[in-house]
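Written out below as structure tokens is the structure these notes cover.
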Amino acid sequence: MTKITGHRGARNLWPENSLTGFRNVLALGVDAIEFDVHLTDAGELVVIHDATLERTTDKSGLVRHLTTQSRTETHLESTTDTVPTLAEVLAILGDAGERQLHVEIKSDEAKKPYPGITEKVVAEIERFGLAHRCHLTSFDVSVLEECRRVAPEVERLVSVNAEWAAKQGGLSSFIDNVEGLVDIVAIHHELMAAEWDLITSKLTLDRLCIWTLNDDALIRPWLERGIGHLTSDSPDLALTLRGKIQQQSEPV
């Protein structure tokens, strides 16, 4: 059965990477929750996707320049929610049974890894006793190699789209390079469709994640193929479709 992951909580339902979204997405029954982590110059791990504030908050500037005070004054998408810390997010998701957490380790505004971020993220998930429920994720293979060095026991996921695969020498070479490094390879849906035969000749379905699918016409075919993981901004829709497909497949 395909596992459904809520992308940035469930960004089509609630503000992305918000405490409100993380609280609410648990009630949907998702199998995993994905979110993004940056490191500020003040040493805080904060959960937000972009390296800048403009798109998702009422402030501007670099995420890394947030202080503890300015963070608590920075609101998400015209809500009362502020940019949360990793600790605040883990406090909510820590009580979510055995649901998996896909913790994406982000890079700074220059697309460079933040020095020391991997160690800090690992220390935080271990402090909450959640290492066994986490996948550390990134597009950057060097970040995932650092994750393996720092915390070899924590599972890993790599993301890739067509542009990134081309920069890595092509998809076939990319998969060969990461096959022994990660547990899951998350592939953009357009690339997955275009290179399905190649991909499935190298990786089993349970190791594949497709992203980011948000409507019936895109979600249903991949559920019917039995892909291992599916990431959606609308996980409620994905879960409903999965339930219908399961009912249809049950013997009368």
Side-chain angles (χ1 to χ4, degrees), residues 2-3 5 7-8 11 16-17 32 34-39 47-52 55 62-64 100-122 134-214 218 221-222 225 227-233:
T2 301
K3 295 181 179 179
T5 300
H7 188 227
R8 305 180 201 168
R11 67 191 292 253
E16 68 175 65
N17 285 322
E34 185 269 352
F35 55 89
D36 311 279
V37 183
H38 286 264
L39 177 63
V47 174
I48 186 171
H49 179 270
D50 299 358
T52 55
R55 183 178 65 86
L62 299 179
V63 169
R64 69 181 308 152
Q100 293 295 298
L101 311 180
H102 293 182
V103 186
E104 182 164 352
I105 298 177
K106 303 298 286 187
S107 296
D108 67 15
E109 70 284 356
K111 302 188 184 304
K112 301 293 185 183
Y114 295 96
I117 188 173
T118 298
E119 289 89 345
K120 288 179 178 293
V121 169
V122 168
C134 289
H135 281 77
L136 298 174
T137 88
S138 181
F139 282 80
D140 190 330
V141 172
S142 71
V143 169
L144 293 168
E145 289 172 339
E146 179 71 358
C147 290
R148 180 172 60 182
R149 184 190 69 79
V150 172
E153 73 285 359
V154 180
E155 294 186 321
R156 295 171 295 277
L157 175 155
V158 68
S159 298
V160 63
N161 56 20
E163 180 182 7
W164 188 244
K167 292 179 179 179
Q168 308 304 308
L171 183 60
S172 180
S173 176
F174 178 82
I175 292 175
D176 290 343
N177 288 339
V178 302
E179 195 277 333
L181 174 65
V182 301
D183 303 277
I184 298 173
V185 180
I187 302 175
H188 187 267
H189 66 92
E190 292 177 350
L191 181 59
M192 187 83 81
E195 299 289 353
W196 179 246
D197 290 341
L198 167 67
I199 293 165
T200 53
S201 73
K202 291 177 174 290
L203 296 166
T204 55
L205 290 180
D206 63 299
R207 295 187 65 190
L208 292 175
C209 175
I210 188 165
W211 57 277
T212 302
L213 306 180
N214 296 322
L218 283 176
W222 293 104
R225 286 188 179 189
I227 198 158
H229 309 263
L230 185 150
T231 298
S232 179
D233 297 322

Yes or no on side-chain contact (heavy atoms from CB on, under 4.5 Å) for Val160 and Ile187, after CA distance, side-chain angles and deciding distance? CA-CA 5 Å; Val160 63; Ile187 302 175; 3.7 Å; yes

Task: Val185 and Val178: CA distance, side-chain angles, deciding distance, side-chain contact (heavy atoms from CB on, under 4.5 Å) verdict - done: CA-CA 8 Å; Val185 180; Val178 302; 4.2 Å; yes

Step-by-step salt bridge (Lys or Arg N to Asp or Glu O under 4.0 Å) determination, Arg11 to Glu34: CA-CA 11 Å; Arg11 67 191 292 253; Glu34 185 269 352; over 6 Å; no

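For the residue pair Ser138 and Asp140, no side-chain donor N or O sits within less than 3.5 Å of a side-chain acceptor on the partner. Asp206 and Thr204 share a side-chain donor-acceptor pair at under 3.5 Å.
Considering CG of Leu101 and NE2 of His135, their distance stands at 10.5 Å, rounded to 0.5 Å. Summarising the geometry, atom NE2 belonging to His188 is positioned 11.5 Å from atom SG belonging to Cys209; distances are rounded to the nearest 0.5 Å. Rounding to the nearest 0.5 Å gives a distance of 7.5 Å between CD1 of Ile184 and OG1 of Thr5. Taking CG of Asp50 as the reference point, atom NZ of Lys106 lies at 7.5 Å (rounded to 0.5 Å). For the atom pair CZ of Phe35 and CG of Asn17, the computed distance is 8.5 Å after rounding to the nearest 0.5 Å. Distance check, rounded to the nearest 0.5 Å: CG of Asp176 to NZ of Lys202 gives 3.5 Å.
Here the side chain of Arg207 pairs a donor or acceptor atom with the backbone of Glu179 at under 3.5 angstrom. Remark: the backbone N or O of Phe139 is paired with a side-chain donor or acceptor of Trp164 at under 3.5 angstrom. Not one N or O on the side chain of His102 forms a donor-acceptor pair closer than 3.5 Å with the backbone of Cys134. Without hydrogens or angle criteria, Thr212 side chain to Thr231 main chain gives no donor-acceptor distance under 3.5 Å. Distance alone, capped at 3.5 Å, places no donor-acceptor pair between the His38 side chain and the Arg64 backbone.
Leu198 has its side chain within reach of Ser172: a pair of non-hydrogen atoms, C-beta onward, lies under 4.5 Å apart. Side-chain contact between His189 and Leu218 is present, with heavy atoms from C-beta onward closer than 4.5 Å. Taking 4.5 Å as the limit, some side-chain heavy atom of Leu208 sits within range of a side-chain heavy atom of Thr200. The closest side-chain heavy-atom distance from Val37 to Ile105 is not below 4.5 Å. Put simply, the side chain of Met192 reaches to within 4.5 Å of the side chain of Ile227, judged on heavy atoms. Taking 4.5 Å as the limit, some side-chain heavy atom of Val122 sits within range of a side-chain heavy atom of Leu136. Between Val121 and Val103, some side-chain heavy-atom pair lies under the 4.5 Å cut-off. Inter-residue side-chain proximity for Trp211 and His7 is flagged as unmet; no heavy-atom pair is nearer than 4.5 Å.
Under a 4.0 Å N-O distance rule, the pair Glu145/Arg156 does not qualify as a salt bridge. Salt bridge Arg55/Glu16: present, at least one basic N to carboxylate O contact under 4.0 Å. The pair Asp233-Arg8 does not meet the salt-bridge criterion, since no charged nitrogen lies less than 4.0 angstrom from a carboxylate oxygen.
In plain terms, the two heavy atoms of Leu191 and Ile199 that are nearest each other are O-CD1, 4.1 Å. Of all heavy-atom pairs spanning Trp222 and Leu230, the tightest one is CB-CD1, 4.2 Å. Shortest non-hydrogen contact noted between Ala186 and Leu157 is CB-CD2, 3.8 Å. Scanning both residues, Ser107 and Ala51, for their nearest heavy atoms gives O-CB, 4.1 Å.
In this structure, Lys120 places its NZ atom where only 12 or fewer heavy-atom neighbours from other residues, nucleotides or ligands lie under 6.0 Å away. The local environment of CD in Glu153 is crowded, with over 12 non-hydrogen atoms from other residues, nucleotides or ligands closer than 6.0 Å.
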